[in-house]
Enquirer: 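Pasting a structure below so you can have a look.
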Amino acid sequence: MSAKVRNVQNEYLRRQEAKESNARTYPRHFPLVISSAKGITVTDTEGRTYYDCLAGAGTLALGHNHEVALEAIRSALERQIPLHTLDLATPLKVDFMEEVFSLLPEELKDRSKIQFCGPTGADAVEAAIKLVKHATKGKSVLAFHGGYHGSTQAAMALSGNLDKKQHLQSLLPDVHFLPFPYEYRCPFGMGGGMTAKLSARYIENLLDDCESGIAAPCGVIVETVQGEGGAIPADLEWLRELRRITAERNLPLIIDEVQTGIGRTGRMFSFEHAGIVPDVIVCSKAIGGGLPMSLVIYKEELDVWQPGAHTGTFRGNQLAMAAGLATLRYIREHDVLLNVQKRGEQFMARLGTLKEKYAAIGDVRGRGLMIGVEMVDTAGPKDRLGHYPPHGELAAAIQRSCFQNGLIVEVGGRRSAVIRFLPPLTITERETEEVLDIFERSVAEALASADVASAPC
Ligand code: PMP
């Protein structure tokens, strides 16, 4: 590669840095300038190609520029559809809604409503909370340690991460946090099957305790697999217990499917693994086929809010509805969910073997193609369960090494110590092997490098 080409890329990066907010995030880890993208790969202006296991933070279910999504967009443009319609009707919108309803469990299919929101997941979270507040007249909201629901001030209030909140005052009040069944770092110091059991008992007791200090909750919001929290799957029996406990107390259960939804975990909606039906489902990311869209689906008895209770200019993104409709149909008709299950198993099998090899890999976990590898500091003190502390620097070094070797992976979780794989749902067997080859090499390189010498294996 010529120095001239490299200089062009550096020049773009310099110009970006000069103008873009200090709050920018991904460019800090991935200093590339993307010129084109296809499937699981992105190519930069230097002509280097990377495997993209970030996929727009899980947005690109079918990968970059899938022909099905592109064709739907082209055909919508040729028909001269209005690009933007607020919440007015269009044939495309009605078809899209009907496709979404057809994917729901029987109990919701004919007995639920949909609210289109401003196009981010956070706005749909805001809408969901307003909805249940209107319906129940409850004040407080119950959320979970380690959860993530977005970056607006209410969504942030519902999220666990303290770093981002510490300089903000007056976020959404009356949010109370419950223990998530994170078995590896059990909040009760127990682990094993006890984590989920104790969490369920704790929640049930709290809801019935007239001295709990928590007044009239309006709902519980939960991810079935905590994504940004470090790819932590909730125990399925725990999810069934949470459903039972909330249903018995008429407390709406809001499942945030922003990241887990639309096939990511191997089912169209992740709550299906537990065989439960929530009262409210929050969707975004993949549901727009790669274009911005978010929405809330909820049981019709909750539909007591008044016209205009939740509005937003960009609720009618027609191109997102076209791409989303085509994507949903493709997933339904092409065994994509089966691929997610098989590729998920392939990831877990090889990562499990890698964990045997390196003590610095503390935990490998996930559901479908939402996978996390928690790196630990083997020089640090063990916790009550015999686990080393999370090692964010090592995860960052592996992330850097992956990037140098042509693989883009995200980090998340406590102290950003969890390396996360969120590839397109259409990743092939061969691509999975290649991604894992690069990952293995990168782990070895990072562990051998001087800056993570504090983590000997
Ligand atoms: N909920 C979950 C579970 C998420 O993972 C995210 C984004 N990562 C959000 C909500 C917020 O979505 P957005 O960034 O589009 O606002």
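Worth knowing before you read on, the calculation uses all heavy atoms, side chains too, and leaves out hydrogens, waters and symmetry mates. A quick note: this is a predicted structure, and the numbers were derived from the prediction, not measured.
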Enquirer: Are the side chains of Tyr358 and Leu447 in contact, using a 4.5 Å heavy-atom criterion?
Expert: yes
Enquirer: side-chain hydrogen bond (donor to acceptor under 3.5 Å, both in side chains), that's the test. Do Thr49 and Thr43 meet it? Break it down for me.
Expert: CA-CA 4 Å; Thr49 294; Thr43 303; 3.1 Å; yes
Enquirer: Would you indicate whether Phe314, at its atom CZ, is surrounded by more than 12 heavy atoms from other residues, nucleotides or ligands within a distance under 6.0 Å?
Expert: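 Result for CZ/Phe314: open.
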Enquirer: Can you tell me how far CZ of Arg24 sits from CD of Gln16, rounded to the nearest 0.5 angstrom?
Expert: 6.5 Å
Enquirer: Step by step, would you call Trp305 with Gln115 a side-chain contact (heavy atoms from CB on, under 4.5 Å)?
Expert: CA-CA 11 Å; Trp305 53 1; Gln115 165 76 27; 3.8 Å; yes
Enquirer: Cation-pi check for Tyr298 against Lys113: NZ or CZ below 6.0 Å from the six-membered ring centre and within 45 degrees of the axis, yes or no?
Expert: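 Ring-cation test returns no.
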Enquirer: Side chain of Ser159, backbone of Ala155: donor and acceptor closer than 3.5 Å?
Expert: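 A pair under 3.5 Å: yes.
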Enquirer: Is any side-chain heavy atom of Thr265 less than 4.5 Å from a side-chain heavy atom of His273?
Expert: yes
Enquirer: Just how far is it from atom CG of Leu425 to atom CG of Asn339, taken to the nearest 0.5 Å?
Expert: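 CG of Asn339 is found 8.0 Å from CG of Leu425.
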Enquirer: By side-chain hydrogen bond (donor to acceptor under 3.5 Å, both in side chains), which residues pair with Arg384, not counting sequence neighbours?
Expert: none
Enquirer: Do other residues, nucleotides or ligands put more than 12 heavy atoms under 6.0 Å from Gln169 CD?
Expert: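 Not more than 12 within 6.0 Å, no.
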Enquirer: Rounded to the nearest 0.5 Å, what separation is found between the CD1 atom of Ile297 and the CG atom of Leu302?
Expert: 13.0 Å
Enquirer: Using the rule given for side-chain contact (heavy atoms from CB on, under 4.5 Å), can you reason through Asn317 versus His84, listing the C-alpha separation, both sets of side-chain angles and the distance that settles it, and then say yes or no?
Expert: CA-CA 5 Å; Asn317 183 345; His84 171 241; over 6 Å; no
Enquirer: Report the distance from atom CG of Leu198 to atom SG of Cys186, rounding to the nearest 0.5 Å.
Expert: 6.5 Å
Enquirer: Do other residues, nucleotides or ligands put more than 12 heavy atoms under 6.0 Å from Tyr12 OH?
Expert: no
Enquirer: Side-chain donor-acceptor pair under 3.5 Å between Arg249 and Thr246, yes or no?
Expert: no
Enquirer: Any chance you could lay out the side-chain contact (heavy atoms from CB on, under 4.5 Å) test for Lys139 and Cys218, step after step, and finish with the verdict?
Expert: CA-CA 6 Å; Lys139 281 200 315 171; Cys218 65; over 6 Å; no
Enquirer: Ser442 and Glu445: side-chain hydrogen bond (donor to acceptor under 3.5 Å, both in side chains), yes or no, with the steps?
Expert: CA-CA 5 Å; Ser442 306; Glu445 284 172 11; 5.2 Å; no
Enquirer: Decide whether Thr45 and Gln9 meet the rule of one side-chain donor and one side-chain acceptor closer than 3.5 Å.
Expert: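 Indeed, the side chains of Thr45 and Gln9 share at least one donor-acceptor pair under 3.5 Å.
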Enquirer: After noting the C-alpha distance and the side-chain angles of Ser270 and Thr224, does the key distance pass the side-chain hydrogen bond (donor to acceptor under 3.5 Å, both in side chains) rule?
Expert: CA-CA 7 Å; Ser270 68; Thr224 66; 2.5 Å; yes
Enquirer: Among side-chain atoms of His64 and Asp52, is any donor-acceptor pair under 3.5 angstrom?
Expert: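 There is such a pair (donor and acceptor under 3.5 Å, judged by atom type) between the side chains of His64 and Asp52.
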Enquirer: Under the side-chain hydrogen bond (donor to acceptor under 3.5 Å, both in side chains) criterion, do Thr152 and Glu126 qualify, and how do the steps go?
Expert: CA-CA 8 Å; Thr152 58; Glu126 302 264 347; 2.5 Å; yes
Enquirer: Does Cys117 offer a backbone N or O that forms a donor-acceptor pair with the side chain of Arg315 under 3.5 Å?
Expert: no
Enquirer: Does CG in Leu162 sit with more than 12 non-hydrogen atoms of other residues, nucleotides or ligands closer than 6.0 Å?
Expert: no
Enquirer: Which class fits the ring pair His387 and Tyr184: parallel under 30°, tilted 30 to 60°, perpendicular over 60°?
Expert: parallel
Enquirer: Any chance NZ of Lys164 has more than 12 other-residue heavy atoms, nucleotides or ligands included, within less than 6.0 Å?
Expert: no
Enquirer: Do the non-hydrogen side-chain atoms of Phe177 and Phe144 ever get within less than 4.5 Å of each other?
Expert: no
Enquirer: I need the Thr311 OG1 to Asp87 CG distance, nearest 0.5 Å.
Expert: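 Between atom OG1 of Thr311 and atom CG of Asp87 there are 9.0 Å.
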Enquirer: Can you confirm whether or not the ring centre of Tyr182 sits under 6.0 Å from the ring centre of Phe180?
Expert: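 They do not qualify: ring centres at least 6.0 Å apart.
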Enquirer: Please check if the number of heavy atoms outside Glu237 that lie under 6.0 Å from its CD is greater than 12.
Expert: yes
Enquirer: Looking only at side chains, do Ser294 and Thr120 share a donor and an acceptor under 3.5 Å apart?
Expert: no
Enquirer: Can you tell me how the ring of Phe421 sits relative to the ring of Phe439, calling it parallel under 30°, perpendicular over 60° and tilted otherwise?
Expert: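 Perpendicular: the ring planes of Phe421 and Phe439 meet at over 60°.
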Enquirer: Can you tell me if Lys130 has over 12 outside heavy atoms packed within less than 6.0 Å of its NZ?
Expert: yes
Enquirer: Could you walk me through whether Arg264 and Val340 pass side-chain contact (heavy atoms from CB on, under 4.5 Å), step by step?
Expert: CA-CA 7 Å; Arg264 171 63 51 194; Val340 173; over 6 Å; no
Enquirer: Does Lys133 have more than 12 heavy atoms from other residues, nucleotides or ligands lying within 6.0 Å of its NZ?
Expert: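 It does: Lys133 NZ has more than 12 such atoms within range.
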Enquirer: According to side-chain contact (heavy atoms from CB on, under 4.5 Å), who are the partners of Ile34, at least two apart in sequence or on a separate chain?
Expert: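 Partners of Ile34 by the side-chain contact (heavy atoms from CB on, under 4.5 Å) criterion, ordered by chain and then number, come out as Leu32, Val42.
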Enquirer: Drop me the distance from Asp377's CG to Arg415's CZ, to the nearest 0.5 angstrom.
Expert: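 Going from CG on Asp377 over to CZ on Arg415, the span is 9.0 Å.
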